[in-house]
Amino acid sequence: MWPPNLPWKVRLFVTAFGFLTDASFRRNGSVNRRFINLIDFKISPSDKPVNGVTTSDITVDPSRNLWFRYFLPSAAEAGEKLPVIVYFHGGGFVMLSPSSQLFDDLCRRLAKELPAVIVSVNYRLAPEHRCPASYEDGVDVLKFLDENPPANADLTRCYIVGDSAGGNIAHHVTARAGEHNFTNLNIAGVIPIQPYFGGEERTESEIQLAGAPLVSVERTDWCWKAFLPEGSDRDHPAANVFGPKSSDVSGLKFPKSLVFMGGFDPLRDWQEGYCEGLKGNGKEVKVVDYPNAMHSFYAFPDLPESTLFMRELQDFIYPQ
């Protein structure tokens with residue numbers, strides 16, 4: 001099921017991306033990396049401003065290829081200290097990276113329009129590296145930033161942000177970071193954008209939106225099998241945060257949240273349950289729900305919800 005009035009270019013891109021993604025997911029649970037590179041166009045870092053933003057890649061741990069792309073807007077170059085967004089990209093836990101054109105463009109846009117310093121994390125991918133590898137990578141990047149504060153960044157205003165699978169990672173990294181005492185870094189908020197949660201139950205949105213683009217039930221099931229520890233089902237706490245196997249989070253140190261949802265996203269019922277779970281455990285949550293938005297709407301600047309999305313981010317990061 002597709003949203004109404006979707007531009008044909010967006011529809012074409014999403015259709016092609018979904019087709020090639022399916023072709024890259026093998027029945028044995030592995031990913032055809034060569035094939036997926038056909039749709040994963042890479043952008044190199046640039047020390048010359050592109051749309052008012054420079055980029056550089058910074059290594060955290062070469063032994064596991066842990067690095068991040070650093071997006072610095074011209075506003076910071078003028079001497080202004082800007083808030084920091086630690087960004088976790090989507091891709092079903094199994095594909096894409098900070099150098100993927102899709103996320104290089106998105107993070108460059110975030111850096112310029114918010115404005116903010118963006119740290120886009122290259123976490124390890126499944127199925128080669130299953131849960132909790134990506135969560136561990138995320139926490140280690142936070143520790144690296146705490147020990148090596150960027151010159152233009154205000155680490156007291158650090159926001160953990162992620163879309164889709166990256167939204168899942170953003171939650172779990174924030175939860176794990178709450179157990180660590182940072183010297184310079186303070187997590188001011190977490191922003192899961194259409195986060196990728198699930199469970200054994202089939203929700204109403206999954207059933208009604210079974211034919212939705214990008215996140216069909218078949219694709220999400222495949223990604224969960226690739227990501228979760230061997231032998232786990234979808235009620236594992238990594239997927240079903242407030243499910244039957246989850247632990248109590250009421251005493252967890254957790255900042256305020258801004259959660260984005262869309263009416264044409266099959267995962268919306270899981271996202272709604274996540275928000276209710278946070279609220280039920282005494283956590284502060286603001287929900288932004290766009291009735292006509294599909295999964296990944298934020299990646300397409302031509303969509304009206306993408307503009308509204310940017311304004312909501314600005315209001316959350318720069319409260320009046």
So, Asp221 and Arg234, do they make that salt bridge, N to O below 4.0 Å?
-> yes
Give me the one residue out of Trp270, Trp224, Tyr274, Phe242 that meets ring-ring contact (aromatic ring centres under 6.0 Å, His included) with Phe197.
-> Tyr274
Using the ring of each side chain (for Trp, its six-membered ring), is His89 parallel, tilted or perpendicular to Phe103, with breaks at 30° and 60°?
-> tilted
Distance-only, no hydrogens or angles: does the Ser134 side chain make a donor-acceptor pair with backbone N or O of Tyr123 under 3.5 Å?
-> no
More than 12 foreign heavy atoms under 6.0 Å from CG of Asn181: is that the case here?
-> no
Look at the aromatic rings of Phe309 and Tyr298 and report parallel, tilted or perpendicular, splitting at 30° and 60°.
-> tilted
Counting N and O atoms only, with roles assigned by atom type, does the side chain of Thr55 sit under 3.5 Å from a partner on the main chain of Ser46, one being a donor and the other an acceptor?
-> yes
Is it true that Arg33 and Asp40 make a salt bridge, defined as a side-chain N closer than 4.0 Å to a carboxylate O?
-> no
Audit row: Phe71, Val117, side chain to side chain contact (heavy atoms under 4.5 Å, CB included) steps and yes/no | CA-CA 6 Å; Phe71 295 79; Val117 167; over 6 Å; no
Below 6.0 angstrom between ring centroids: does that apply to His180 and Phe182?
-> yes
Cluster link Val217 to Val215, ILVMFWY, side chain under 4.5 Å | no
Cation-aromatic face contact Lys225/Phe25, 6.0 Å, 45 degrees | no
Would you kindly confirm whether Phe300 and Ile43 end up in one hydrophobic cluster when ILVMFWY residues are joined by side chain heavy atoms under 4.5 Å apart?
-> no
Could you tell me whether a side-chain N or O of Asp235 sits under 3.5 Å from a main-chain N or O of Gly199, the two making a donor and an acceptor?
-> no
Just by distance, do the side chain of Asp61 and the backbone of Leu66 share a donor-acceptor pair under 3.5 Å?
-> no
Charged N to carboxylate O below 4.0 Å: is that the case for Glu136 and Arg64?
-> no
